[in-house]
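Inspection log for the structure reproduced underneath, given as structure tokens.
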2 protein chains.
Amino acid sequence: MTALISIKKPLFSDDGLGYGPGGAGSMRKDIHNSNIPVRCVSCEVRHKGMCGALTADELLSLSAHTRLVTHDAGGELAGEKMPVESYATVISGVVKLTKTLEDGRQQIVGLQFAPDFLGRLHADENGVSAEAASDVHLCRVPKAAMERLVKSTPALAERLMNQTMRELDEARDWMVTLGRKTAAEKVASFLLLIATHLDPEAAGQSRRFDLPLSRADIADFLGLTIETVSRQMSKLKADGVISIVANRHIEVPKLARLKACCGA
Amino acid sequence: MTALISIKKPLFSDDGLGYGPGGAGSMRKDIHNSNIPVRCVSCEVRHKGMCGALTADELLSLSAHTRLVTHDAGGELAGEKMPVESYATVISGVVKLTKTLEDGRQQIVGLQFAPDFLGRLHADENGVSAEAASDVHLCRVPKAAMERLVKSTPALAERLMNQTMRELDEARDWMVTLGRKTAAEKVASFLLLIATHLDPEAAGQSRRFDLPLSRADIADFLGLTIETVSRQMSKLKADGVISIVANRHIEVPKLARLKACCGA
DNA sequence: CGCCGGTTTGATACTAATCAAGTTAAGTGG
DNA sequence: CCACTTAACTTGATTAGTATCAAACCGGCG
């Protein structure tokens, strides 16, 4: 476990989350839309995610238990066989879910972006290890409080089901990439994934972004080695599909061009 | 769609499903245990699965809608972009879920054994194509009836959630295999998967079974070619880890020995 | 300035894909 | 019943794509 800092005051004034109208008074009419940001009383941040399924009363009672916590990149949030003690919602940053073979070979089996929910309900262990890929802010909820709330709030259970099904879709999409794509297609697919997840708005042709993962992590995600990832990135750059502004900072002039490199 | 035959009379007297005590009178006390077989009034077969979450009344009302159907090996049950028209429970046989790239490269992203539930609730398309890997018996339920029942039966929704989470676990386990294991480890892992899924009882050291998948399907599952699968099977045979009684019929003298070949 | 982790680039080795015959098993029709 | 056909599988030779090993590069920081 790395150091984690508890913060009780608003943090994000200029990171795209911001404050706005609506907020704590919102009633259950928007329960089916997790894309509407809700002023979460508990962590004092306006964000999307599970909290949108809660009423003002429920949010208030939650606020007694939740904590906004920060993890530095590389920090371990949960071990593969570690008992689950709390759940969390990703507020900002990226969390990687990994599995490791006995001899050390590692595979990233999922990436969680804001506003994903972290942790498996009613399970002793989660089966995957969760690590902060970048610096991460989480809205943490104790195990018992969350489970109580889920039981009494069908809308929340429904959202969790929806997220689980989305994760299953993503896992299956990635199985195709792992099993049937070439190294070049894998790297292109990864860049496209990040480009589309990091700012879903700004749907313009061109995009610039910072990779939330190191080359080593990308390799673990794609089932490749660091060297192969590096070579394929260099090749995409040489072909003019991307430009590498800095190590982590990538620009994609034409998203369609990148898509064409993904093999499907 | 291939031909499907509707049958209204009991079929399985000697395939391990059989009839027995309990049955239609069972009340909701066993809702959390999908391993207790229940006499499903609808398809007139005693089986495990979702029906175990239903009361006698619910089973009876279901029986008006369900049909026991048969599909021959290779039959397509649902297309990747085909609208969902009905759900089903696998009674016997194996269903493969596949995804295909535009150029024809294919990847199996999941295998469903009895008593798995087939189909995604509240979705227009399922995102995967479902095919009968072997000859398959299904207990089919129309879309509307199933969705109505789920809404009114929280225990059923809970079971579906549990299955979805199990599928997610399996998908993630398989991502490790696809991304980080060698061809030899992949084939061994596949054989172990089948050996343990096909008869979960008979936990003895030695096992004999028929592969429900062709070499081509195995290759699509493992992200390999037919030739590589064949070679690795031959190697396992040469090493005495398995014996190939007939093309499809495999014997594993020591399961632990096979496990040791799986790389983790 | 020089160290250090992360990254890139290069040379070589090795695994699995591809191409190409064979072999076996199950039908099919004479 | 047996020749013929066909699909599924096995085996072999060669090639292509990645991994591995090794060295250089680069940016940040003490």
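Protein chains get the first letters and strands the later ones, always in sequence-line order, with residue 1 at the start of each. Note: hydrogens, waters and symmetry copies are ignored here, and every other heavy atom, side chains too, is used. Because the structure is predicted, anything quoted here is derived from the model rather than measured.
A donor-acceptor pair under 3.5 Å links the side-chain atoms of A/Arg180 to the main chain of B/Gln106, judged by distance alone. Formation of a donor-acceptor pair under 3.5 Å by the A/Lys181 side chain with backbone atoms of A/Cys262 is found in this model.
One interatomic measurement links the two molecules: CZ of B/Arg248 to P of D/dT10, which rounds to 11 Å at whole-angstrom precision. Distance, B/Ile244 CD1 to D/dT10 C1': 10 Å, rounded to whole Å. What separates CG of A/Leu224 from C1' of C/dT15 is a distance of 14 Å, to the nearest Å. In this structure, B/Ile226 places its CD1 atom 16 Å from P of C/dA20, rounding to the nearest Å. When the P atom of C/dT9 is taken as reference, atom NZ of A/Lys237 falls 7 Å away, rounded to whole Å. With rounding to whole Å, A/Arg105 atom CZ is found 13 Å from D/dA19 atom C1'. For the pair B/Ile218 CD1 and D/dT10 P, the computed distance is 9 Å after rounding to whole Å. In this structure, A/Lys181 atom NZ and D/dG17 atom C1' are separated by 18 Å, rounded to whole Å.
Between B/Ser129 and B/Lys99, the side chains place no donor N or O within less than 3.5 Å of an acceptor N or O (distance only, hydrogens not considered). For A/Ser243 and A/Lys237, the side-chain atoms include no donor-acceptor pair closer than 3.5 Å.
With DNA chain C read from its 5' end, the first of the two nearest nucleotides for A/Arg180 and A/Thr228 is the one closest to A/Thr228. The residue among A/Ala184 and B/Ala216 whose nearest nucleotide of DNA chain D lies closer to the 5′ end is B/Ala216.
Minimum heavy-atom separation, B/Phe117 to B/Gln112: O-OE1, 3.7 Å.
The side chain of A/Ser214 lies closest to C/dT7 when the candidates are C/dT8, D/dT11, C/dT7. Taking every side-chain heavy atom of A/Glu227 into account, D/dC21 is the closest of D/dC21, D/dC9, D/dT18.
Using a 4.0 Å cut-off, some side-chain N or O of A/Ser234 falls inside it from OP1 or OP2 of C/dT9.
For B/Arg231 against C/dT18, a side-chain N or O and a base N or O form a donor-acceptor pair under 3.5 Å.
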